[in-house]
Amino acid sequence: MTLIPSSPLPQRTLISRLQPPQLIALVYIVGIVIGTLLLHLPGVTAPGSKLNSIDLLFTATSAICITGLVVADTAEVFTRTGQIIIILLSQIGGLGIIAFGTLFALLAGRRVNFTERQHLVQQINALNVGSVLSLVRTIFLYTMVAEAAGAALLALRFVPQFGWSEGLYHSVFHSISAYNNAGFVVMPGGMAQYAQDPLVSGVIALQIILGGLGFLVQLNVLAHWRSPGAIACWYTASSR
């Protein structure tokens, strides 16, 4: 009787050995490094700006981690290219890097395996692995609608003031920044000039509150209003 030697088990990679919280931390560190490198590109900072590498690292970290902290006036020291990089980093950080990567995988038609779903559950605080992909799609759609609505309302004030191109840019930028609690402002003279403006102040405040509460909290509030005493765990029940 000839024994066939069993094939050795495949070696687990270093990343596969990481626990979900460890992987999330690693992904954010990589995102900060990439963001810092992007801010070092030519044409990102305004001529004459005195930002050093530490300042750019701080800015990228603030954007990815949506801390709302800045080292200089974003409108003055960064060009339009730099401002777009910053707001994109804020959007990615606000929604979650892993969630963003999952969305692109779904759009590309790639299968998201069980381990990746576990990491995703950890990041977005979902309760069920089976329906987490459906939850991610809903969160992205809800976020885009909320930010578009905020931008449309801000455009009512900014477009007449700055014209279509500049007005729409400010509307979209500040809607994204507010909803993700990013804290970046590119308005000439800052937002203090709109402190007594009920439209701008109201929309910005509402975006900050909605973004701070998060999708799942808002979903449960709506479910409670529709059916008092109920908790909206549709993302758990939908997989049954």
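Once rounded to the nearest 0.5 Å, the distance linking OG1 of Thr36 with CD1 of Ile85 reads 11.0 Å. The line from CZ of Arg157 to OG of Ser171 is 10.5 Å long, rounded to the nearest 0.5 Å. How far CG of Asn180 is from CD1 of Ile87: 7.0 Å, rounded to the nearest 0.5 Å. Going from atom CD1 of Ile64 over to atom CD of Gln91 covers 11.0 Å, rounded to the nearest 0.5 Å. Put simply, CG on Leu38 and OG1 on Thr81 are 11.5 Å apart, with the number rounded to the nearest 0.5 Å. Thr59 contributes atom OG1, which lies 12.0 Å from atom CD1 of Ile32 (distance to the nearest 0.5 angstrom).
Contact record, Ala155 with Pro160: O-CD, 3.5 Å, taken as the closest heavy-atom pair. Residue Val44 comes nearest to Leu39 through the heavy atom pair CG1-O, 3.6 Å, listed as atom of the first residue, atom of the second, then distance. When all heavy atoms are compared, the tightest approach of Ser201 to Ala195 is OG-O, 3.4 Å. In this structure, Ala151 and Ser175 approach most closely via the heavy-atom pair N-OG, 3.3 Å. Counting all heavy atoms, side chain and backbone alike, Ser177 lies closest to Gly183 at OG-N, 3.5 Å.
Tracing side-chain contacts under 4.5 Å through hydrophobic residues (I, L, V, M, F, W, Y), one never reaches Val185 starting from Tyr169; they form parts of separate clusters. Each of Ile92 and Ile66 belongs to its own hydrophobic cluster when Ile, Leu, Val, Met, Phe, Trp and Tyr are linked at side-chain heavy-atom distances under 4.5 angstrom. Tyr28 and Phe184 fall within a single hydrophobic cluster, where Ile, Leu, Val, Met, Phe, Trp and Tyr side chains are chained together by heavy-atom contacts under 4.5 Å. Grouping the Ile, Leu, Val, Met, Phe, Trp and Tyr side chains by contacts below 4.5 angstrom, directly or via other members, places Val70 with Val77. Put simply, Val172 and Leu156 are part of two different groups of oily side chains (I, L, V, M, F, W, Y) that touch within less than 4.5 Å, one to the next.
Every side-chain contact (heavy atoms from CB on, under 4.5 Å) that Ile204 has, sequence neighbours left out, goes to Leu154, His174, Ala178, Met191, Val200, Ile208. Partners of Leu206 according to the side-chain contact (heavy atoms from CB on, under 4.5 Å) rule, which considers only residues two or more places apart in sequence or in another chain, are Leu210.
Ser90 places a side-chain N or O within 3.5 Å of a backbone atom of Ile86 that can act as its donor or acceptor partner. Ser49 places no side-chain N or O within donor-acceptor distance of the main-chain N or O of Thr45, the cut-off being under 3.5 Å. One N or O on the side chain of Ser62 and one on the backbone of Leu69 form a donor-acceptor pair closer than 3.5 Å.
Using a 4.5 Å cut-off on side-chain heavy atoms (C-beta onward), Thr61 and Thr67 make no contact.
Using a 30° and 60° split on the angle between ring planes, Tyr142 and Tyr179 fall in the tilted class, from 30° to 60°.
For the residue pair Glu147 and Gln207, no side-chain donor N or O sits within less than 3.5 Å of a side-chain acceptor on the partner.
Around the CD atom of Gln196, the shell of radius 6.0 Å holds no more than 12 heavy atoms that belong to other residues, nucleotides or ligands.
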Quick one: do Leu168 and Phe162 satisfy side-chain contact (heavy atoms from CB on, under 4.5 Å)? Show the steps, please.
CA-CA 9 Å; Leu168 289 177; Phe162 298 102; over 6 Å; no

Quick one, Phe173 with Met187, criterion side-chain contact (heavy atoms from CB on, under 4.5 Å). Give me CA distance, side-chain angles, the key distance, then yes/no.
CA-CA 10 Å; Phe173 186 99; Met187 183 65 65; over 6 Å; no

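Side-chain rings of Tyr194 and Phe158 approach one another, their centers coming within less than 6.0 Å.
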